[in-house]
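Worksheet: one structure, shown below.
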2 protein chains.
Amino acid sequence: MEQPAPVSPAFIATDHNHDHCVSLALQTAEAICRERGQRLTTLRRKVLELVWANHRPVGAYGLLEMLRDESGQVAPATVYRALDFLQEQGLVHRLASLNAFIGCAFPGAAHTGQFLICTSCQELAELDDRQITEALRASADASGFTISHTTVEVLGLCPHCRKGRA
Amino acid sequence: MEQPAPVSPAFIATDHNHDHCVSLALQTAEAICRERGQRLTTLRRKVLELVWANHRPVGAYGLLEMLRDESGQVAPATVYRALDFLQEQGLVHRLASLNAFIGCAFPGAAHTGQFLICTSCQELAELDDRQITEALRASADASGFTISHTTVEVLGLCPHCRKGRA
DNA sequence: CTTGCTTTTGCAACAATATAACATAATACT
DNA sequence: AGTATTATGTTATATTGTTGCAAAAGCAAG
Ligand SMILES: [Zn+2]
Ligand SMILES: [Zn+2]
Ligand SMILES: [Zn+2]
Ligand SMILES: [Zn+2]
């Protein structure tokens with residue numbers, strides 16, 4: 001059971017140019033939506049692009065600002081609806097502990113969403129770790145609990161920031 | 001490495017009378033605060049009592065309502081400050097995925113907070129599962145990531161509700 | 001291509017959650 | 001008692017997210 005290569009590598013250097021991550025993510029999203037008969041409209045595409053361009057968790061109102069810079073007046077509901085769609089299609093995750101959104105690193109693949117989030121530089125790595133998934137499943141099983149969704153968000157210091165502070 | 005007995009058992013029957021959970025939790029809290037030289041004031045104690053009396057996740061504004069029923073006008077900041085204190089003392093956890101609070105089942109013990117939450121009846125079980133903790137640590141280590149806090153919240157159906165729907 | 005249907009977006013108001021700033025009160029310490 | 005510290009009251013505000021309805025855009029059959 002191979003894991004698909006993620007769209008973006010984990011904990012890349014902060015100043016790395018990630019234009020290609022953005023365009024790869026957009027291409028992948030196009031393909032996924034086409035295959036599913038879903039409409040990746042201009043707005044939804046734009047929101048996804050902004051999410052990826054930031055390359056770290058962004059709040060809905062942050063996205064709203066960015067949209068306004070380009071498209072004039074935009075209402076919250078507009079952003080939230082686009083984000084809802086992108087989440088339904090598994091292209092974006094919501095991070096409950098940050099009230100923020102991030103592009104999915106494994107779009108199209110069945111996975112549960114596990115995140116390492118640096119509290120210093122906001123860099124984030126999405127994992128799809130079998131050990132973690134299994135441990136959760138085993139624990140739920142032991143309690144007779146049926147999982148429908150999991151939130152796994154780990155805060156701490158990424159390798160770069162750890163060095164900078166140690 | 002034995003786990004301490006939790007204050008409340010997991011997935012008890014919904015209609016079970018949990019007065020003794022409440023008083024046990026309060027007693028434990030008193031002891032912990034006394035030992036640490038922290039002040040479990042009337043307000044803080046009251047909030048903790050309300051959290052436990054509900055025995056399922058409660059929102060801050062829900063607590064606010066309950067406080068008002070007893071003490072007249074109360075402002076949000078009052079509740080949030082009490083909750084902050086209780087969280088600092090490890091007597092209460094905040095559930096990021098629900099914007100809600102729950103009494104800690106392992107007060108005084110070092111643990112990370114892992115939750116199974118029934119989306120049907122809101123019953124909740126707090127775990128301190130070594131497998132899960134270890135899997136998270138191992139995965140973080142592999143990425144050179146230093147953990148400071150983890151959010152593990154699993155949504156799904158508890159044993160009772162699963163039966164009721166199967 | 002136009003009519004009717006469905007989906008998406010615009011727009012306005014509002015709801016829910018959380019925090020900030022500063023004054024007053026209670027408690028602890030000397 | 002007098003002073004410092006901590007906790008609470010009070011008011012206002014910030015942040016995040018939703019609802020409802022109307023206009024617009026996309027789609028499909030005739
Ligand atoms: Zn993902
Ligand atoms: Zn970092
Ligand atoms: Zn706990
Ligand atoms: Zn249940």
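Just so it is clear: chains get the letters A, B, ... in the order the sequence lines come, proteins before strands, and each one is counted from 1.
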| task | Could you check how far CG of B:Leu67 sits from P of D:dT10, rounded to whole Å? | result | 14 Å
| query | If you measure from the ring centre of B:Tyr80 to the centre of the six-membered ring in the base of C:dT19, is it under 5.5 Å, with the planes under 30° apart? | reply | no
| field | Between D:dT15 (P) and A:Leu64 (CG): distance, integer Å | value | 13 Å
| message | By nearest heavy atom, map B:Pro76 and B:Gln38 onto DNA chain D; which one lands nearer the 5' end? | response | B:Gln38
| request: Return the value, rounded to whole Å, for the distance between atom CZ of A:Arg68 and atom P of C:dG10. | output: 12 Å
| task | If the plane angle is over 60° it's perpendicular, under 30° parallel, otherwise tilted; pick one for A:Tyr61 and A:Tyr80. | result | perpendicular
| Which atom of A:Leu48 lies closest to which atom of A:Ala29, heavy atoms considered | CD2-CB, 3.4 Å
| Distance test, side-chain N/O of A:Arg44 to OP1/OP2 of C:dT9, below 4.0 Å | yes
| What do you reckon, do A:Tyr61 and the base of D:dT16 stack, with centroid distance below 5.5 Å and planes below 30°? | yes
| field | Distance in angstrom units between B:Gln73 CD and D:dG9 C1', rounded | value | 10 Å
| Where the side chain of B:Leu43 is concerned, which of D:dT11, D:dC27, D:dG9 is the nearest nucleotide? | D:dG9
| Atom CG of B:Asn99 and atom C1' of C:dA15: how far apart are they, to the nearest Å? | 13 Å
| task | Pick base, sugar-phosphate or nothing for A:Ala82, based on heavy-atom distances below 4.0 Å to the nucleic acid. | result | nothing
| said: Just to be sure I understand the rule, does A:Thr41 reach a base, reach only the sugar-phosphate, or reach nothing, if contact means heavy atoms closer than 4.0 Å? | reply: sugar-phosphate
| note | Picking from C:dT17, C:dT19, D:dT16, the nucleotide nearest the side-chain atoms of B:Arg94 would be C:dT17
| Proximity to the side chain of A:Arg81 - top-ranked nucleotide from C:dT8, D:dA7, D:dC21 | D:dC21
| message | If you define the side chain from C-beta out and look only at heavy atoms, does anything of A:Pro57 sit under 4.5 Å from A:Ile102? | response | yes
| message | From CG of A:Leu40 over to C1' of D:dG26, roughly how many Å is that when rounded to an integer? | response | 15 Å
| query | How many Å lie between CD on A:Glu65 and P on D:dA14, as a whole number? | reply | 14 Å
| Which of the following nucleotides, D:dG17, C:dT27, D:dG9, is nearest to the side chain of B:Thr78? | D:dG9
| query | Do you reckon A:Leu83 sits in the same ILVMFWY cluster as A:Ile32, going by side-chain contacts under 4.5 Å, direct or chained? | reply | yes
| query | Cut-off 3.5 Å, side chains only: do B:His93 and B:Glu126 have a donor facing an acceptor? | reply | yes
| task | Quickly work out the B:Leu98 CG to C:dA18 P distance and round it to whole Å. | result | 11 Å
